[in-house]
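This structure is a prediction, so every number in the text was calculated from the model and none was measured.
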Amino acid sequence: MKSRVYYFIIFLSIIFLGILSRKISFIPLWIGDFLYAVMIYFLVRIFLSLKKAFLIAFISILICYSIEFLQLYQAEWIVELRKTLFGRYVLGQGFLWSDILAYTFGIAYAFLVEKIVLNYISQKSE
């Protein structure tokens, strides 16, 4: 339970940083996509806190890629949903291969940081 609280705090912090990254003009747009992937990683981690990090990374990358490829679908109802604040932030606006790259690096970064931090904590507790 304690780890879920930590993951939730990280999750909320990443949301804050992601929104902030879209409001500050000198921050490249790919940073928001990178942070979106990190956020998805920790969201999955909240629900599957006891699973191995590799599985969390795999599920997270599937979610990110699925959302990105869903942007190729242009039915009227989903186009209207994308015009809302929720739709814009969660579903995105249009497919970009650069987003796929940013998601990949974001998930890899979250995975590696978690592995390093958990390894450090386990060594410290010995």
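- Linking Ile, Leu, Val, Met, Phe, Trp and Tyr residues whenever their side-chain heavy atoms come within less than 4.5 Å leaves L72 and L96 in two separate clusters.
- Applying the salt bridge (Lys or Arg N to Asp or Glu O under 4.0 Å) criterion to K83, with sequence neighbours excluded, gives E80.
- The heavy-atom pair separating A110 from V38 by the smallest distance is CB-CG1, 4.2 Å.
- Residues Q93 and R88 are in side-chain contact: their nearest non-hydrogen atoms beyond the backbone lie under 4.5 Å apart.
- W97 and L62 fall into different hydrophobic clusters, defined by Ile, Leu, Val, Met, Phe, Trp and Tyr side-chain heavy atoms under 4.5 Å apart, directly or through other members.
- Between I67 and Y36, some side-chain heavy-atom pair lies under the 4.5 Å cut-off.
- Of the inter-residue distances, the one linking F105 atom CZ with L112 atom CG reads 11.0 Å to the nearest 0.5 angstrom.
- Heavy atoms only, all atoms of each residue included: A37 and I107 are closest at O-CD1, 3.2 Å.
- When side chains are defined from C-beta on, F42 does not count as touching F8, because their heavy atoms never get closer than 4.5 Å.
- Cluster membership for I63 and L55, using ILVMFWY side-chain heavy atoms within less than 4.5 angstrom, is shared.
- Contact annotation: the side chain of I46 approaches that of F11 to within less than 4.5 Å [non-hydrogen atoms, C-beta and beyond].
- Between the side chains of Y109 and E114, no donor-acceptor pair of N or O atoms lies under 3.5 Å.
- At least one side-chain heavy atom of T104 sits less than 4.5 Å from a side-chain heavy atom of Y65.
- For the pair A57 and F111, the tightest heavy-atom approach, listed with the atom from each and the gap, is CB-CD1, 4.0 Å.
- Although no hydrogens or angles enter the test, the distance criterion places a donor-acceptor pair under 3.5 Å between the side chain of Q71 and the main chain of L91.
- Not a single salt bridge (Lys or Arg N to Asp or Glu O under 4.0 Å) links D99 to another residue, sequence neighbours left out.
- Between F69 and F95, the gap from one ring centroid to the other is short of 6.0 Å.
- A distance of 11.0 Å separates CZ of F34 from CG of L101, quoted to the nearest 0.5 Å.
- You'll find the side chain of L17 stays beyond 4.5 Å of the side chain of I31, heavy atoms only.
- Listed for the R45 side chain is no donor-acceptor partner under 3.5 Å among the backbone atoms of I40.
- The CG atom of L35 lies 8.5 Å from the CD1 atom of I27; values are rounded to the nearest 0.5 Å.
- Remark: L43 CG to M39 CE distance equals 6.5 Å, nearest 0.5 Å.
- Note that SG of C64 is 8.5 Å distant from CD1 of I100, once rounded to the nearest 0.5 Å.
- Scanning both residues, S21 and G32, for their nearest heavy atoms gives OG-CA, 3.5 Å.
- Taking CG from L12 and OH from Y7, the interatomic distance works out to 15.0 Å, rounded to the nearest 0.5 Å.
- The two residues G92 and R82 make their nearest non-hydrogen contact at O-CD, 3.3 Å.
- Linking ILVMFWY side-chain heavy atoms closer than 4.5 Å, directly or via other members, places I15 and I10 in a single hydrophobic cluster.
- Following chains of ILVMFWY side-chain contacts shorter than 4.5 Å, one cannot reach L50 starting from V5, and the two form parts of different hydrophobic clusters.
- Qualifying side chain to side chain donor-acceptor pair (under 3.5 Å) partners for Y103, counting only residues two or more places apart in sequence or in other chains: E68.
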